[in-house]
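Below: the structure, in structure tokens.
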There are 2 protein chains.
Amino acid sequence: MYEVYFEHFNKKVPLTEAEQSLIKSRLAVKKIRKKQYLLQEGDICKTIAFVEKGLLRSYTVDENGGEHIMQFAVEGWFISDLYSFLTGEPATYNIEAVEDSELVMISKSAYDELLTKCAKYEKFSRILITGAYIALQKRINSLMSFTLEERYETFMKQYPEIAQRVPQHMIASYIGLTPETLSRVRKRIATNK
Amino acid sequence: MYEVYFEHFNKKVPLTEAEQSLIKSRLAVKKIRKKQYLLQEGDICKTIAFVEKGLLRSYTVDENGGEHIMQFAVEGWFISDLYSFLTGEPATYNIEAVEDSELVMISKSAYDELLTKCAKYEKFSRILITGAYIALQKRINSLMSFTLEERYETFMKQYPEIAQRVPQHMIASYIGLTPETLSRVRKRIATNK
DNA sequence: CGAATCTCTTGATCAAAATCAATGCTTTTT
DNA sequence: AAAAAGCATTGATTTTGATCAAGAGATTCG
């Protein structure tokens, strides 16, 4: 049930048995079915979810009803509305299961407790968030500097496994364009090869 | 010399005198004049810089020579090419002083040492990077979902002090549009009020 | 001080991407 | 198995923002 989680954890920060049980005792497991919501805009985000199995997305909805995907999370990734989680303010993101998924959940109180009680938990958290930060910088650069073709190809190269598991219009949303435009971009790429 | 740095540090994570001297002994001060580079694309990023005084920007240059600003850093912020810093790969960003600046610098070896020797340094690092991560998510959302007007107004509201210290074309670059377009956006905003 | 460089604005034109609309295919659901 | 919903593509049109070009202040630098 916690295999993927601790496998990742130990890869970044090796744990003793005792540390592992302490952490495990503060976690909870949750199963969620496709199209169900883990979080909806306006609610307070009470947990950080780590994906054991499955695939989720977080997204915002703009004033015209358009969806904009902020993040995909597959096995080994975490997903949350961190701002809401840390501040207790209402969430700006929706989080929805794209596939039936199994999650390892941590509440705010458990999170705070583990951060103070367990130095390795803090280290793991820092490492994860640092990697996520670097990935977001790359994404901003892609949004600002790349052509549509480059944005699409960078995504496909960087996340081939996600590309195979989500519909194309979600890829379009993630890289910031409409489904129609992505379809034409793909056609352009296909013909110029 | 380290006033701003430790003021921020203590605000997030209170330090004892001993901890403070340990950390201070691993830091270095650097002054840099306007228009000078702290880092150039292709070089290895050897340090994380914390801004004591002044203002810097990091940016990429695209294939047409266009500049895209990834980050501004003013007093109390850090700036670096974290990917290059952590991996030793060549930097993708340029970092340039927009004003004469005073920096508190930490090298990779000192960073690694402090992370292992000083739990509070790790905590401070985690808190800083978490805040930076949340800010980047907001920026991506702004790039994907907002109109140009909203992007500009969000920037002005969020960073009024930066807005007063950098030329407009840098704001344009940061929010992902051309100087000409920003000029017209400002005009639209002015006339509709 | 005077020349050069920056900075911002405005106008005209062009190119790119969004939007609107329709169709054929799959996949789900009942 | 039929109906419904979801998905990708294509075409026509419109809108948006980039580009090209010029000029008028500021500011900086020698």
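Just so you know, these numbers come straight off a predicted model, no measurement behind them. Below, chain A is the first sequence line, B the second, and so on; all start at residue 1.
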[X] vs [N]: side-chain N/O to OP1/OP2 distance below 4.0 Å:
{"X": "A:H169", "N": "D:dG6", "result": "no"}
{"X": "A:T178", "N": "C:dA18", "result": "yes"}
{"X": "B:K187", "N": "C:dT9", "result": "no"}
{"X": "A:Q168", "N": "D:dT9", "result": "yes"}
{"X": "A:T181", "N": "C:dA18", "result": "yes"}

- Message: Does A:L182 reach a base, just sugar-phosphate, or nothing at all? Heavy atoms under 4.0 Å.
- Response: nothing
- Which part of the nucleic acid, if any, lies within contact of A:R186, taking any heavy atom under 4.0 Å across all strands shown: a base, the sugar-phosphate backbone alone, or nothing? sugar-phosphate
- Task: List for me each residue that meets salt bridge (Lys or Arg N to Asp or Glu O under 4.0 Å) alongside A:E149, sequence neighbours excluded, and say none if there are none.
- Result: A:R188
- Item | Contacts of type salt bridge (Lys or Arg N to Asp or Glu O under 4.0 Å), residue B:K138, not counting sequence neighbours | none
What is the distance, rounded to the nearest whole Å, between atom [atom1] of [X] and atom [atom2] of [N]?
{"X": "A:I175", "N": "C:dA18", "atom1": "CD1", "atom2": "C1'", "value": "15 Å"}
{"X": "A:E180", "N": "C:dT23", "atom1": "CD", "atom2": "P", "value": "16 Å"}
{"X": "A:I171", "N": "D:dA8", "atom1": "CD1", "atom2": "P", "value": "8 Å"}
{"X": "A:R151", "N": "C:dA16", "atom1": "CZ", "atom2": "C1'", "value": "12 Å"}
{"X": "A:R165", "N": "C:dT27", "atom1": "CZ", "atom2": "P", "value": "18 Å"}

- Single-linkage hydrophobic cluster A:V98~A:W77, side-chain heavy atoms < 4.5 angstrom: yes
- Would you mind telling me which of B:K30, B:K53, B:R33, B:K31 makes a salt bridge (Lys or Arg N to Asp or Glu O under 4.0 Å) with B:D100? B:R33
- Charged N to carboxylate O below 4.0 Å: is that the case for B:E75 and B:R165? yes
- Note on the structure: By nearest-nucleotide position on DNA chain C, the 5'-leaning member of B:P167 and B:R184 is B:P167
- Message: Using the ring centroid of each side chain, check whether A:Y159 and A:F72 are separated by less than 6.0 Å.
- Response: no
- Task: Take the angle between the ring planes of B:F9 and B:F124 and call it parallel below 30°, perpendicular above 60°, tilted in between.
- Result: parallel
- Heavy-atom contacts under 4.0 Å between residues 55-71 of chain A and DNA chain D, which residues? none
- Item | Contact nearer the 5' end of DNA chain D, comparing B:T147 with B:K34 | B:T147
